[in-house]
Amino acid sequence: MLPRSKPCPCTSGKTYGSCCHPFHKGESDPQDAPTLVRARYAAFALGEIEFLWSTLHPQNADRDRGRDQVLVALRVASNAYRYMGLTLLDARGEAADPDGVARVLYVARIFQRGRDVSFVERAEFLRDGGGMRYVGGKSIDLAKVPGDVAALTLDSSEALLRAT
Ligand SMILES: [Zn+2]
(Lines give C-alpha, C1' and ligand atoms only; values in the text may rest on other atoms or scores of the structure.)
Protein backbone atom coordinates (compact mmCIF):
# COMPACT_ATOMS: atom_id res chain seq x y z
CA MET A 1 0.00 0.00 0.00
CA LEU A 2 1.37 3.34 -1.04
CA PRO A 3 0.77 5.99 1.66
CA ARG A 4 -1.68 8.62 0.46
CA SER A 5 0.82 11.40 1.24
CA LYS A 6 3.36 10.03 -1.30
CA PRO A 7 3.61 11.31 -4.89
CA CYS A 8 1.14 9.58 -7.21
CA PRO A 9 2.84 7.03 -9.52
CA CYS A 10 1.02 8.57 -12.51
CA THR A 11 3.51 11.46 -12.07
CA SER A 12 0.81 14.14 -12.00
CA GLY A 13 2.71 15.97 -9.29
CA LYS A 14 -0.16 15.45 -6.84
CA THR A 15 -0.15 13.17 -3.82
CA TYR A 16 -1.56 9.69 -4.32
CA GLY A 17 -4.42 10.49 -1.93
CA SER A 18 -5.54 13.53 -3.93
CA CYS A 19 -4.98 11.87 -7.32
CA CYS A 20 -5.54 8.20 -8.26
CA HIS A 21 -6.21 6.63 -4.83
CA PRO A 22 -10.00 7.32 -4.81
CA PHE A 23 -10.30 5.61 -8.20
CA HIS A 24 -8.35 2.54 -7.10
CA LYS A 25 -10.53 2.23 -4.00
CA GLY A 26 -13.76 2.58 -5.99
CA GLU A 27 -14.71 5.82 -4.25
CA SER A 28 -15.04 7.58 -7.60
CA ASP A 29 -14.87 6.71 -11.28
CA PRO A 30 -12.71 8.50 -13.88
CA GLN A 31 -15.02 10.72 -15.94
CA ASP A 32 -12.62 11.52 -18.77
CA ALA A 33 -10.07 9.51 -20.70
CA PRO A 34 -6.88 11.32 -19.57
CA THR A 35 -7.86 10.76 -15.93
CA LEU A 36 -8.42 7.06 -16.67
CA VAL A 37 -5.03 6.80 -18.43
CA ARG A 38 -3.39 8.22 -15.30
CA ALA A 39 -5.33 5.96 -12.95
CA ARG A 40 -4.56 2.85 -15.02
CA TYR A 41 -0.84 3.70 -15.21
CA ALA A 42 -0.71 4.19 -11.43
CA ALA A 43 -2.64 0.92 -11.00
CA PHE A 44 -0.02 -0.97 -13.01
CA ALA A 45 2.69 0.62 -10.87
CA LEU A 46 0.93 -0.37 -7.64
CA GLY A 47 -0.51 -3.76 -8.59
CA GLU A 48 -4.14 -2.57 -8.39
CA ILE A 49 -5.19 -5.29 -10.81
CA GLU A 50 -8.88 -5.33 -9.84
CA PHE A 51 -9.09 -1.70 -10.94
CA LEU A 52 -7.35 -2.57 -14.23
CA TRP A 53 -9.88 -5.33 -14.89
CA SER A 54 -12.88 -3.20 -13.93
CA THR A 55 -11.87 -0.38 -16.29
CA LEU A 56 -11.66 -2.62 -19.38
CA HIS A 57 -14.57 -1.84 -21.71
CA PRO A 58 -16.76 -4.85 -22.62
CA GLN A 59 -15.39 -4.46 -26.18
CA ASN A 60 -11.77 -4.77 -25.00
CA ALA A 61 -10.24 -7.94 -26.50
CA ASP A 62 -8.89 -9.04 -23.09
CA ARG A 63 -12.45 -9.35 -21.77
CA ASP A 64 -12.93 -12.48 -23.91
CA ARG A 65 -10.09 -14.24 -22.07
CA GLY A 66 -12.01 -14.22 -18.83
CA ARG A 67 -11.41 -12.45 -15.56
CA ASP A 68 -9.12 -14.97 -13.82
CA GLN A 69 -6.71 -15.31 -16.73
CA VAL A 70 -6.54 -11.55 -17.27
CA LEU A 71 -5.90 -10.88 -13.57
CA VAL A 72 -2.94 -13.28 -13.65
CA ALA A 73 -1.52 -11.54 -16.74
CA LEU A 74 -2.02 -8.11 -15.15
CA ARG A 75 -0.26 -9.25 -11.99
CA VAL A 76 2.70 -10.50 -14.05
CA ALA A 77 2.89 -7.20 -15.97
CA SER A 78 2.63 -5.18 -12.79
CA ASN A 79 5.47 -7.11 -11.16
CA ALA A 80 7.75 -7.43 -14.19
CA TYR A 81 8.09 -3.75 -15.00
CA ARG A 82 9.14 -0.58 -13.26
CA TYR A 83 6.82 2.31 -13.98
CA MET A 84 8.98 5.41 -14.33
CA GLY A 85 6.50 8.03 -15.46
CA LEU A 86 3.64 8.96 -17.73
CA THR A 87 3.48 11.83 -20.24
CA LEU A 88 0.19 12.74 -21.90
CA LEU A 89 0.87 14.11 -25.39
CA ASP A 90 -2.60 14.73 -26.81
CA ALA A 91 -6.24 14.00 -26.03
CA ARG A 92 -9.62 14.34 -27.71
CA GLY A 93 -12.85 14.04 -25.75
CA GLU A 94 -15.84 11.86 -26.54
CA ALA A 95 -17.92 14.89 -27.59
CA ALA A 96 -15.64 15.44 -30.61
CA ASP A 97 -16.35 11.96 -32.03
CA PRO A 98 -19.61 10.80 -33.70
CA ASP A 99 -19.33 7.40 -31.98
CA GLY A 100 -18.42 8.88 -28.60
CA VAL A 101 -14.87 7.54 -28.70
CA ALA A 102 -12.36 9.47 -26.61
CA ARG A 103 -8.71 9.22 -27.58
CA VAL A 104 -5.45 9.80 -25.70
CA LEU A 105 -1.88 9.72 -26.96
CA TYR A 106 0.70 9.15 -24.26
CA VAL A 107 4.19 7.98 -23.42
CA ALA A 108 4.49 5.26 -20.78
CA ARG A 109 8.02 5.11 -19.41
CA ILE A 110 8.68 1.54 -18.32
CA PHE A 111 11.79 -0.48 -17.54
CA GLN A 112 12.18 -4.24 -17.47
CA ARG A 113 15.27 -5.44 -15.59
CA GLY A 114 17.09 -2.20 -16.37
CA ARG A 115 16.08 -2.25 -20.05
CA ASP A 116 14.06 0.67 -21.38
CA VAL A 117 10.84 -0.75 -22.85
CA SER A 118 8.94 2.56 -22.90
CA PHE A 119 6.26 2.97 -25.52
CA VAL A 120 3.87 5.44 -27.10
CA GLU A 121 0.22 4.39 -27.19
CA ARG A 122 -2.75 5.85 -29.02
CA ALA A 123 -5.61 4.54 -26.92
CA GLU A 124 -9.39 4.57 -27.32
CA PHE A 125 -12.03 4.85 -24.62
CA LEU A 126 -15.81 4.63 -24.38
CA ARG A 127 -18.16 5.53 -21.58
CA ASP A 128 -19.75 2.53 -19.88
CA GLY A 129 -21.42 2.18 -16.54
CA GLY A 130 -20.21 4.92 -14.24
CA GLY A 131 -17.22 6.21 -16.16
CA MET A 132 -14.73 5.93 -19.01
CA ARG A 133 -13.42 2.48 -19.97
CA TYR A 134 -10.39 1.33 -21.97
CA VAL A 135 -11.33 -0.18 -25.34
CA GLY A 136 -7.84 -0.74 -26.76
CA GLY A 137 -4.93 0.94 -28.42
CA LYS A 138 -2.01 0.78 -30.78
CA SER A 139 1.52 1.26 -29.53
CA ILE A 140 5.07 1.65 -30.75
CA ASP A 141 8.39 1.41 -28.90
CA LEU A 142 9.47 4.87 -27.83
CA ALA A 143 12.91 4.16 -29.33
CA LYS A 144 11.31 3.70 -32.76
CA VAL A 145 9.60 7.08 -32.81
CA PRO A 146 11.40 9.32 -35.30
CA GLY A 147 12.07 12.90 -34.26
CA ASP A 148 10.73 14.70 -31.23
CA VAL A 149 8.16 12.55 -29.42
CA ALA A 150 6.81 15.61 -27.61
CA ALA A 151 5.68 17.02 -30.98
CA LEU A 152 3.48 13.96 -31.75
CA THR A 153 -0.28 14.51 -31.90
CA LEU A 154 -3.24 12.15 -32.28
CA ASP A 155 -3.34 13.10 -35.98
CA SER A 156 0.39 12.88 -36.69
CA SER A 157 0.74 9.57 -34.84
CA GLU A 158 -1.94 7.83 -36.88
CA ALA A 159 0.26 6.88 -39.83
CA LEU A 160 3.16 5.99 -37.55
CA LEU A 161 1.07 3.58 -35.53
CA ARG A 162 -0.68 2.12 -38.57
CA ALA A 163 2.73 0.96 -39.80
CA THR A 164 3.49 -1.04 -36.64
ZN1 LIG B 1 -2.41 9.83 -10.18
Side-chain angles (χ1 to χ4, degrees), residues 1-25 30 32-57 60-63 65 67-92 102-125 131-154 156-164:
M1 282 292 106
L2 182 70
R4 298 177 54 175
S5 59
K6 294 285 186 190
C8 190
C10 79
T11 59
S12 62
K14 300 180 194 170
T15 63
Y16 180 47
S18 62
C19 190
C20 294
H21 179 270
F23 303 130
H24 294 168
K25 295 303 145 201
D32 60 71
T35 304
L36 180 58
V37 168
R38 288 196 173 285
R40 285 182 53 85
Y41 185 86
F44 271 107
L46 297 172
E48 294 283 355
I49 58 173
E50 292 283 352
F51 174 81
L52 292 169
W53 168 258
S54 70
T55 53
L56 293 179
H57 191 272
N60 185 291
D62 279 346
R63 279 262 167 180
R65 295 163 60 204
R67 183 175 176 279
D68 291 350
Q69 200 185 330
V70 171
L71 287 182
V72 169
L74 289 169
R75 176 69 69 196
V76 168
S78 177
N79 290 338
Y81 301 107
R82 289 189 64 201
Y83 294 83
M84 310 298 286
L86 177 72
T87 307
L88 302 186
L89 298 175
D90 197 6
R92 198 174 296 145
R103 293 181 174 82
V104 182
L105 181 72
Y106 62 91
V107 183
R109 296 190 194 278
I110 291 167
F111 280 71
Q112 183 180 31
R113 292 193 211 93
R115 195 165 58 95
D116 188 347
V117 291
S118 300
F119 61 89
V120 177
E121 180 171 12
R122 191 178 193 282
E124 297 191 342
F125 304 84
M132 294 306 283
R133 303 289 180 257
Y134 176 56
V135 177
K138 289 193 170 178
S139 61
I140 182 172
D141 291 348
L142 179 58
K144 290 182 183 163
V145 175
D148 180 11
V149 68
L152 271 185
T153 65
L154 282 167
S156 72
S157 67
E158 207 170 344
L160 182 69
L161 287 163
R162 201 184 295 129
T164 60

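The shown structure was predicted, so the numbers you read here are calculated from the model rather than taken from an experiment. Note: hydrogens, waters and symmetry copies are ignored here, and every other heavy atom, side chains too, is used.
- Comment: Arg67 engages Glu50 in a salt bridge, judged by a side-chain N to carboxylate O separation of less than 4.0 angstrom.
- Put simply, the side chain of Arg4 never gets that close to the backbone of Ser18: no donor and acceptor are under 3.5 Å apart.
- The shortest distance between side-chain heavy atoms of Phe51 and Lys25 does not fall below 4.5 Å.
- Val104 and Pro34 get closest at one heavy-atom pair: CG2-N, 3.9 Å.
- Aromatic ring orientation, Phe125 versus Tyr134: tilted (interplanar angle from 30° to 60°).
- The CZ atom of Arg109 lies 11.5 Å from the CZ atom of Phe119; values are rounded to the nearest 0.5 Å.
- In this structure, Asp90 contributes its side chain and Leu154 its backbone to a donor-acceptor pair below 3.5 Å.
- A donor-acceptor pair is defined here as one N or O able to donate and one able to accept, closer than 3.5 Å; no such pair exists between the side chain of Tyr106 and the backbone of Glu121.
- A side-chain donor-acceptor contact under 3.5 Å links Ser118 to the backbone of Ile110.
- Residues satisfying the side chain to side chain donor-acceptor pair (under 3.5 Å) criterion with Ser12, sequence neighbours excluded, are absent altogether.
- Counting only heavy atoms from C-beta outward, the side chains of Val135 and Arg103 never approach each other to under 4.5 Å.
- Proximity of a side-chain donor or acceptor of Thr55 to a complementary backbone N or O of Arg133 within less than 3.5 Å is not detected.
- Relative ring orientation between His21 and Tyr16 is described as perpendicular, the plane-to-plane angle rising above 60° on a 0-90° scale split at 30° and 60°.
- Judged by distance alone, the side chain of Arg38 and the main-chain N or O of Ala33 form no donor-acceptor pair under 3.5 Å.
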